[in-house]
Amino acid sequence: MASTSSTPSDPSISIHDDTAIRAVNKRYEGLVTVKTKAIKGKGAWYWAHLDPILMKNPDTNLPKAVKLKCCLCEAVFSASNPSRTATEHLKKGTCPNFVSVSRPNSAISPLPISSLPSPPSNNHRKRSSQIGTALKSLALVESNKYCDQVGYFNSGFTPKGQDLVLSGGKEDLGALAMLEDSVKRLKSPKASPGPLLNKDQIDSALELLSDWFYEVCGSVSFSSLEHPTFRAFLNQVGLPCLSRRELSGTRLENRFYEAKSEVEARIRDAMFFQVACSGWKSNKCCSGEDNLVKFGVNLPNGTSVFHKAVITGGGTASSKYAEEIMWGAVTGICGSGLQRCAGIVSDKYKAEALRNLEIQYPWMVNISCQIQGFVSLIKDFSKELQLFRTVIENCLKLANFINNASQVRSSFQKYRMQELDYTGLLRVPWCKCDCVKDFAPVYAMLEDVLSCARVLQMVILDESYKLICVEDPVAREVSGMIQSEGFWNDLEAVYSLMKLIRGMAQEIETERPLIGECLPLWQELKAKVKDWGARFNIAEGQVEKIVEKRFRKNYHPAWSAAFILDPRYLMRDTSGKYLPPFKCLTHEQEKDVDKLITRLASREEAHVALMELMKWRSEGMDPLYAQAVQVKQRDPLTGKMKIANPQGSRLVWETCLSEYKTLGKVAVRLIFLHATSSGFKCNWSCMKWFCIHRNSRVGLERAQKMIFVAAHAKLEKRDFSNEEEKDGELFRMVGCEDEMLNEVFVEAPSV
């Protein structure tokens with residue numbers, strides 16, 4: 001590669017020229033950076049074949065432009081769009097050397113018949129070492145005998161050494177090669193080679209393969225294992241084929257019982273646990289599809305295990321039905337020791353079912369998922385905040401008009417390709433009911449409109465659009481919106497608020513906080529919403545009222561009690577003591593702490609628990625242990641500071657705070673409870689596969705076992721994502737390279 005030129009020192013060079021030279025150098029350095037990353041496996045494939053080069057002015061020897069040079073054929077192209085250059089030059093076959101270089105390990109393509117050497121005219125039985133001679137020799141065996149009958153002479157074949165014309169065309173050359181190979185094997189048979197792998201290696205490999213098949217759970221069908229290409233691959237590496245019967249029979253049974261035994265042993269070892277269930281309300285309720293409700297078990301040591309999956313009817317089930325299924329799961333896990341279940345956490349569902357179970361079994365703490373609480377806040381804003389409704393309605397009108405008016409749509413796609421290098425329509429919500437998770441389609445529509453602001457401006461300035469406005473009042477209205485600064489300010493405000501709330505919800509799903517963190521999370525949300533209002537000049541009163549209303553609807557007294565009893569929230573006072581943060585609670589929340597602790601303690605020990613709570617409030621905890629519990633360290637994955645020992649809060653109650661005998665029993669059962677129901681996620685293929693087999697006893701049992709094995713494996717790895725999310729993340733990463741290039745090119749003026 002050419003080296004970058006330094007800033008010229010010639011005083012005769014103008015400031016404008018100096019700026020242009022710097023821009024060219026910056027563009028060149030950006031391309032070199034992208035190519036360097038691509039070579040390390042972090043970029044697009046085509047950078048292995050393209051080199052950025054710096055073109056210089058022959059008179060001044062100063063940089064004047066950046067070009068891309070093909071390493072295979074030395075052709076030079078513009079560097080404005082490397083991706084398009086790769087497509088046009090490499091993929092579409094313009095480069096004469098690309099195919100052979102890009103597939104170095106591929107099989108040698110058969111040579112055209114016209115290029116094969118002719119066999120000696122005096123001896124057709126003699127074979128040459130070259131494949132062409134061998135094939136032609138085979139083709140000419142006893143050809144004289146039949147040439148008159150089939151008309152070979154008329155089709156261009158002669159035994160005098162002229163080129164043979166085969167009835168199947170040039171593709172027949174491969175068949176001739178196979179036939180020749182069979183003849184050679186028959187003439188000189190060789191001993192078949194021994195197995196590539198020994199028995200232990202084969203068994204181990206098949207075990208790993210079957211584990212992978214179970215863990216992807218429906219993404220790969222049983223029939224795919226009998227695909228000829230897959231079987232050829234197994235044969236190539238020395239493995240026998242896996243049959244559908246074997247995978248759905250003995251191997252699945254063994255793997256299931258192994259996982260089931262491990263799960264049951266872990267639950268038996270725990271003194272208490274929390275049941276988590278998710279999937280009560282489908283995101284596709286309008287289609288009437290079945291829901292798959294998953295039940296898991298959260299253990300005090302921070303791990304989670306899978307229990308079972310239950311299929312329900314499409315849409316929303318009744319509260320009583322949900323209550324029965326939840327309690328059935330609890331009894332199925334606990335057996336006769338029902339008090340081992342410290343509570344239930346459930347995703348979107350009527351709180352009535354959770355509340356009824358809590359009333360019947362007072363030792364339980366049943367809460368709804370925090371993720372759903374944050375997501376519901378977006379729905380609250382869309383219903384109660386006029387700004388939300390106005391922006392969404394305007395964007396719907398704009399998007400529908402752009403998408404449906406053919407002439408406008410064509411103009412929009414043309415300018416979008418020109419400005420953003422991709423085309424397509426504006427995304428519009430497909431569903432108007434409340435089943436849409438976190439208003440994702442609405443968010444996508446706002447994001448599209450906001451990202452296409454410049455494109456839309458170009459559309460309405462086009463002469464064709466001005467002609468449409470003469471007769472179409474909707475076109476005039478859309479034009480007025482696009483030209484209005486207030487429309488874009490309001491759109492950015494609504495989009496920013498939705499992004500803020502969705503971001504916190506996604507973080508909660510990833511971090512899976514405990515219930516002691518609920519109050520701090522809502523305080524953080526309120527502070528961020530207040531800053532948002534100040535940034536966009538939105539009146540605080542109505543927005544704060546909506547947030548507070550949702551907070552009260554989701555609030556559970558256990559939030560306050562866990563916040564007070566968790567040593568990680570102890571605060572140092574002026575005397576040096578570490579005391580629980582009662583001053584952060586309202587008067588009503590302080591009463592909730594007393595009531596909840598009284599309920600969770602036995603009737604005989606309730607007054608003792610309250611006395612110990614007073615002592616805890618006044619004396620707190622030894623400063624050394626308090627500091628040890630609160631030690632934080634940076635998470636290498638996210639870069640955020642996190643508690644170094646998440647189990648420390650519970651462990652200090654069971655060890656160094658042994659004087660709080662009654663309060664300690666309540667504390668250890670309370671502070672380990674999770675605030676979210678997120679756990680094992682079924683992918684779309686798994687859901688579909690499960691529903692297909694719902695009417696077959698054998699099929700449903702097999703599906704249950706497959707899901708159990710897959711969930712157990714994922715929870716063992718603490719993998720709470722699914723395949724669709726991973727694939728989406730992969731495609732988003734692919735787009736990062738083009739964004740990097742765009743940043744380089746936007747900052748550099750054209751030369």
Side-chain angles (χ1 to χ4, degrees), residues 1-10 13 15-58 60-92 94-95 97-98 101-104 416-423 447 451 454 634-640 726-751:
M1 296 183 187
S3 61
T4 59
S5 299
S6 59
T7 304
S9 58
D10 188 349
I13 298 175
I15 296 176
H16 175 75
D17 292 338
D18 187 24
T19 304
I21 292 170
R22 290 177 184 272
V24 171
N25 283 331
K26 185 171 184 179
R27 182 183 299 185
Y28 172 76
E29 290 167 359
L31 288 169
V32 170
T33 301
V34 173
K35 179 176 176 67
T36 302
K37 290 187 177 181
I39 293 173
K40 295 178 180 178
K42 300 179 180 179
W45 59 273
Y46 50 78
W47 284 110
H49 309 302
L50 298 178
D51 268 343
I53 59 174
L54 199 59
M55 308 295 291
K56 294 185 178 182
N57 191 317
T60 62
N61 199 33
L62 295 175
K64 66 174 184 177
V66 181
K67 299 288 185 180
L68 289 178
K69 184 177 75 173
C70 176
C71 305
L72 306 176
C73 66
E74 303 297 326
V76 177
F77 306 94
S78 167
S80 60
N81 195 329
S83 176
R84 185 177 297 176
T85 298
T87 301
E88 297 294 332
H89 182 63
L90 299 176
K91 280 191 175 181
K92 292 190 177 180
T94 307
C95 179
N97 303 325
F98 176 64
V101 173
S102 62
R103 299 182 60 189
R416 194 177 194 181
M417 174 61 74
Q418 177 180 316
E419 290 295 309
L420 303 177
D421 202 26
Y422 63 92
T423 185
E447 189 173 48
S451 66
R454 177 171 169 78
R634 193 171 300 280
D635 186 341
L637 297 178
T638 63
K640 296 181 179 180
K726 292 178 180 178
D727 290 345
E729 187 66 27
L730 173 65
F731 282 109
R732 283 192 291 272
M733 288 172 62
V734 170
C736 290
E737 177 189 332
D738 289 335
E739 291 177 8
M740 185 189 306
L741 282 174
N742 288 336
E743 290 178 5
V744 173
F745 295 149
V746 165
E747 293 179 8
S750 60
V751 178

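Computed from a prediction, not measured in an experiment: that's the story for all the values here.
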I'd like to check the side chain to side chain donor-acceptor pair (under 3.5 Å) partners of [X]; sequence neighbours left out, ordered by chain and number.
{"X": "Arg454", "result": "Glu419"}
{"X": "Gln418", "result": "none"}
{"X": "Ser78", "result": "Ser80"}

Value rounded to 0.5 Å, distance of [atom1] in [X] from [atom2] in [Y]:
{"X": "Thr85", "Y": "Leu50", "atom1": "OG1", "atom2": "CG", "answer": "7.0 Å"}
{"X": "Ser451", "Y": "Arg416", "atom1": "OG", "atom2": "CZ", "answer": "6.0 Å"}
{"X": "Thr423", "Y": "Met417", "atom1": "OG1", "atom2": "CE", "answer": "5.5 Å"}

Report task. For side-chain contact (heavy atoms from CB on, under 4.5 Å), just list the numbers for Val66 and Leu54, CA-CA rounded to whole Å, side-chain angles, deciding distance to a tenth of an Å, and then say yes or no. Result -> CA-CA 5 Å; Val66 181; Leu54 199 59; 4.0 Å; yes
Query - Within-4.5 Å side-chain heavy-atom neighbours: Cys70 and Tyr46 - result: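 No, too far: nothing below the 4.5 Å cut-off.
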Query raised in the report: Between Pro82 and Leu31, is any pair of side-chain heavy atoms under 4.5 Å apart?
Result: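 A side-chain contact exists here, since the closest heavy-atom pair is under 4.5 Å.
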Query raised in the report: Looking only at heavy atoms, what is the nearest atom pair of Arg634 and Gly639, with distance?
Result: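 Closest approach of Arg634 to Gly639, heavy atoms only: NH1-O, 2.6 Å.
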Report task. Please report the closest heavy-atom contact between Met55 and Lys67, naming both atoms and the distance. Result ->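 Taking Met55 first and Lys67 second, the nearest heavy atoms are CG-CG, 3.3 Å.
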Query raised in the report: Sub-3.5 Å donor-acceptor pair from the side chain of Lys640 to the main-chain atoms of Asp635, do we have one?
Result: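 Not confirmed, Lys640 side chain does not pair with Asp635 backbone.
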Query raised in the report: Would you say the side-chain atoms of Lys69 pair up with the backbone N or O of Asp51, donor to acceptor, closer than 3.5 Å?
Result: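 The answer is no, because no donor-acceptor pair under 3.5 Å joins these two groups.
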Query - Pairs satisfying ring-ring contact (aromatic ring centres under 6.0 Å, His included), at least one member in residues 62-88, at least two apart - result: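 Listed once each, the pairs are Phe77-His89.
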